[in-house]
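Below is one structure, written out as structure tokens, with a few remarks after it.
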Amino acid sequence: MSMKIPFLKKKQKAEESQDDLENVPGHVAIIMDGNGRWAQRKGLPRISGHKEGVHAVNKVVKIASQSGVKALTMFAFSTENWKRPKSEVDFLMKLPKEFLHMYLPEIMDNNVRIKTIGEFDALPEHTKKVIEYAVDSTKNNDGMLLNFALNYGGRYEIIRAVDKIIHDIDSNGLSINELDEELFSQYLYTKELQDPDLLIRTSGEQRLSNFLLWQSAYTEFWFTDVLWPDFDEHVFKEALREYQQRKRRYGGL
Ligand code: V07
């Protein structure tokens with residue numbers, strides 16, 4: 001009997017704090033928007049918003065991996081971002097190093113594996129080098145997958161998949177009759193990932209902006225006015241709770 005009391009207490013506590021270990025989204029994707037606006041509001045240059053955004057990435061990685069999220073995809077640099085001023089692009093390309101220098105030990109402690117999606121080869125050599133080091137160092141971690149979308153564009157990803165399929169038909173004996181959604185998915189950057197269950201976009205914008213077009217066909221979207229550098233564990237938990245509520249509602253149908 002004395003064995004059962006702590007169990008009940010724990011369960012009650014979980015209900016009170018609304019922690020819900022069921023219906024945790026397996027794959028969360030995030031559009032980290034509002035860094036420039038955050039800086040402008042403080043009278044700072046745009047780049048200081050990007051720099052501040054790096055800390056928010058680490059907070060979310062920690063809370064997501066502790067919450068039981070299996071994969072977290074962060075939109076760090078889009079194919080459209082090359083159009084920004086060169087000085088801003090140069091600054092952004094130094095952020096992977098900045099992030100990894102500060103947080104790779106913590107990433108290892110949390111058993112997180114780092115990977116990327118997007119046209120990696122077109123990134124500057126110095127950026128590729130630090131990321132390759134991080135991908136290699138974390139490759140045997142079997143906890144959460146932290147997936148950075150870098151030089152990523154959803155339409156390009158689809159065109160690239162079509163191009164690869166045509167190549168496999170012409171040269172590798174693939175038959176057009178084999179083409180279905182399952183096969184097509186295997187030609188995307190995300191081939192080993194499940195589709196995102198929850199997509200979060202910060203900073204009040206409610207658009208997909210060429211992120212995970214194919215993959216988000218059935219994804220729940222959650223938007224917040226919070227600017228990315230102000231995003232923290234509380235906001236993330238709010239998104240998780242809302243996702244869980246939606247799932248419970250459908251579950252009743
Ligand atoms: C970038 C900081 C977060 C706000 C949104 C845009 C700016 C983390 C990374 C990163 C990438 C690869 C990696 C480790 C960290 C990053 C870029 C921009 C280009 F292996 N944040 N962050 N990369 N931002």
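Because only heavy atoms are used, hydrogens play no part in the values below, and waters and symmetry mates are left out as well, while side chains stay in. Just follow the structure's listing: the first ligand is 1, and inside any ligand the first atom is 1.
- With a heavy-atom cut-off of 4.0 Å, Pro96 touches ligand 1 through backbone and side chain alike.
- Of the protein's non-hydrogen atoms, His50 O, 3.6 Å is the one closest to atom 2 (C) of ligand 1.
- Nearest protein heavy-atom contact of atom 24 (N) of ligand 1 is Leu95 CD1, 3.6 Å.
- Inspection of the Asp168 and Tyr187 side chains reveals an N or O donor paired with an N or O acceptor under 3.5 Å.
- The ligand atoms of ligand 1 that sit less than 4.0 angstrom from a heavy atom of Val57 are 3 (C).
- Remark: minimum distance from atom 6 (C) of ligand 1 to any protein heavy atom is reached at Ala76 O, 3.7 Å.
- Distances below 4.0 Å separate heavy atoms of Ile131 from the following atoms of ligand 1: 12 (C), 20 (F).
- Using modelled atom types and a 3.5 Å distance limit, the side chains of Trp214 and Asp195 yield no donor-acceptor pair.
- Phe223 and Leu198 fall into different hydrophobic clusters, where Ile, Leu, Val, Met, Phe, Trp and Tyr residues are linked whenever their side-chain heavy atoms come under 4.5 Å apart, directly or through other members.
- Between Arg241 and Glu238 no salt bridge is recorded (no basic side-chain N to carboxylate O distance below 4.0 Å).
- When only non-hydrogen protein atoms are considered, atom 5 (C) of ligand 1 lies nearest to Asn35 ND2, 3.5 Å.
- Shortest contact from atom 9 (C) of ligand 1 to any protein heavy atom: Phe148 CE2, 3.8 Å.
- Under 4.0 angstrom from ligand 1, the non-hydrogen atoms of Leu150 all belong to its side chain.
- Per-residue contacts place Phe99 under 4.0 angstrom from the following atoms of ligand 1 (heavy atoms of the residue considered): 14 (C), 15 (C).
- Classification of Lys86 and Asp90 as a salt-bridged pair holds, one side-chain N sitting under 4.0 Å from a carboxylate O.
- Here Glu98 does not pair with Lys94 in a salt bridge; the nearest charged N to carboxylate O distance is not below 4.0 Å.
- Here Thr127 has no heavy atoms under 4.0 Å from ligand 1, in either its backbone or its side chain.
- Taking every heavy atom of Gly53 and a limit of under 4.0 angstrom, the matching atoms of ligand 1 come to 3 (C).
- The local environment of OH in Tyr133 is sparse, with at most 12 non-hydrogen atoms from other residues, nucleotides or ligands closer than 6.0 Å.
- Listed for the Thr116 side chain is no donor-acceptor partner under 3.5 Å among the backbone atoms of Leu150.
- Remark: minimum distance from atom 19 (C) of ligand 1 to any protein heavy atom is reached at Leu92 O, 3.4 Å.
- Checked by atom type, the side-chain pair Glu192/Gln186 shows no donor-acceptor distance below 3.5 Å.
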